[in-house]
Asks: 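This is the structure I have questions about; it appears just below.
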Amino acid sequence: MAWRFALMIDPAASDDTRTDFSGTFAEIDPSAPALTVGELSTQRGDGIFESIGVVDGHAQEVGAHLERLAHSAALCDLPVPHREQWRQAVVRAAAACGPGESVIKLILSRGVEHGPAPTAWVTAATAADFTAARRDGVSVVTLDRGYALDVPARAPWLLLGAKTLSYAVNMAAIREAKRRGADDAVFVSSDGFVLEAPTATVIVRRGDLFVTPEPGTGILHGTTQLSLFEFLASRGHATAYAPVTIDELRGADAAWLVSSVRLAAPVTAVDGVPLAVDAELTASVNAYLLGPRD
Ligand code: PLP
């Protein structure tokens, strides 16, 4: 990943009435060291983040990402991010992106141990080339996430609906999927329901109905899925949030993993059993996702 830009942010209180936050930003060399050794984001993964897709300098769905950042902050007892301050930071980062696809990351960490404030920063980097995954798809294996569908409600301290920096489990799942000969994983609950992929939302098609698991069940509410459901509805397709069993994923008419940077990757096989790929629909979905979206 080629880092293009990095900006440290002095986080403003959520009721700060300033309209210009440029004085709270400090642009830094993205290849130089920037964090102190006491940073809790690096010591404990104690913080939250967002990854925003950027196409030809246009940051996609910024509002939805800022909303999810605020949701994650609330779940993690972090200070409420000042929406306008973060929006202006995204504008600064997007201006550094140039043509083609990039990724902007927003990071809000609990800060330095015993320190007075959270640490916040934004980066921009060139995105990897996901053309093949978007066109040819990904094979997946289902991996047990180790908890039942009702656990997020019973144990909110597990922070299951927050986009925290603690992605070691998600990365381990992708490595396990590759060990099993697949490209990616789909987490499933111990009681047999589809949750999400380690870095993407799962959408299945049954006939003309597009279904995704409910976000309240310990998974992230994907900004790409939200956007895609709007697109599908505008094309006359029915969409729904509903429980999806593992058998329903295996027997789906089609399925996709969708996320902000890779966009829509059609699922070609689940646990070694091939799944049909609708190449035409996938291409039109990715064309839509690559267009400017607010
Ligand atoms: N679920 C998880 C665990 C993710 O990490 C991501 C994206 O990184 C998603 C779902 C999809 O979210 P979005 O579409 O906002 O990128």
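Every heavy atom of this structure was used, including side-chain atoms; hydrogens, water molecules and symmetry mates were not. In this text the structure is predicted, and so the values were computed from the model without any measurement. Remember, it's 1-based here, ligands and their atoms both numbered in the order they're listed.
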Asks: Compare Arg68, Arg262, Gln225 and give the one whose heavy atom is closest to atom 12 (O) of ligand 1.
Replies: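 Minimum heavy-atom distance to atom 12 (O) of ligand 1 goes to Arg68.
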Asks: Taking all heavy atoms of Leu75 and all of Gly161, pick out the closest pair and write down the distance.
Replies: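 Heavy atoms of Leu75 and Gly161 come nearest at CD1-C, 3.6 Å.
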Asks: With a 4.0 Å heavy-atom cut-off (strictly under), which part of Thr201 contacts ligand 1: side chain, backbone, both or neither?
Replies: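 The answer is both.
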Asks: Walk me through whether Gln85 and Phe25 qualify under side chain to side chain contact (heavy atoms under 4.5 Å, CB included).
Replies: CA-CA 9 Å; Gln85 182 186 34; Phe25 301 147; 3.9 Å; yes
Asks: Give the numbers and elements of all ligand 1 atoms closer than 4.0 Å to a heavy atom of Tyr167.
Replies: 2 (C), 3 (C), 4 (C), 5 (O)
Asks: With a 3.5 Å cut-off and no angle check, do the side chains of Trp3 and Ser31 form a donor-acceptor pair?
Replies: no
Asks: Going by the side-chain contact (heavy atoms from CB on, under 4.5 Å) test, name the single residue among Leu195, Val194, Ile246 that passes it with Ser189.
Replies: Leu195
Asks: What's the shortest distance from atom 8 (O) of ligand 1 to any protein heavy atom, and which residue and atom give it?
Replies: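 Ranked first by proximity to atom 8 (O) of ligand 1 is Lys163 NZ, 2.8 Å.
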Asks: For ligand 1, find out whether one of its N or O atoms is nearer than 3.5 Å to an N or O atom of Thr224.
Replies: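 Yes.
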Asks: Looking at every non-hydrogen atom in both residues, tell me the closest pair between Gln60 and Ile52 and how far apart they are.
Replies: O-CG2, 3.4 Å
Asks: Over 60° means perpendicular and under 30° means parallel, so tell me whether Phe231 and Tyr288 are parallel, tilted or perpendicular.
Replies: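 It falls in the parallel class, under 30°.
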Asks: Distance under 4.0 Å to a non-hydrogen atom of Ser260: what atoms of ligand 1 satisfy this?
Replies: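 Reading through ligand 1 atom by atom, the close ones are 13 (P), 14 (O), 15 (O), 16 (O).
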Asks: Do His65 and Phe49 have their ring centres less than 6.0 Å from each other?
Replies: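 No - the distance between ring centres of His65 and Phe49 does not fall below the 6.0 Å cut-off.
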Asks: Within less than 4.0 angstrom of ligand 1, does Pro198 place any heavy atom?
Replies: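 Yes, that is the case, since the closest heavy atom of the residue is under 4.0 Å from the ligand.
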Asks: Could you list the atoms of ligand 1 found under 4.0 angstrom from a heavy atom of Glu196?
Replies: 1 (N), 2 (C), 3 (C), 10 (C)
Asks: Please list the nearest protein heavy atom to atom 15 (O) of ligand 1 with its residue and the distance rounded to 0.1 Å.
Replies: Thr223 OG1, 2.6 Å
Asks: Looking only at heavy atoms, is any part of Ala200 under 4.0 Å from ligand 1, and if so is it the side chain, the backbone, or both, or is it neither?
Replies: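 The answer is the backbone.
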Asks: Consider ligand 1: state whether an atom of it lies below 4.0 angstrom from any non-hydrogen atom of Ala64.
Replies: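 No.
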Asks: Can the ring centres of Phe229 and His237 be said to be less than 6.0 Å apart?
Replies: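 So the answer is no for these two rings.
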Asks: Mark the output for Glu50 as yes if a heavy-atom distance to ligand 1 is under 4.0 Å, and as no if none is.
Replies: no
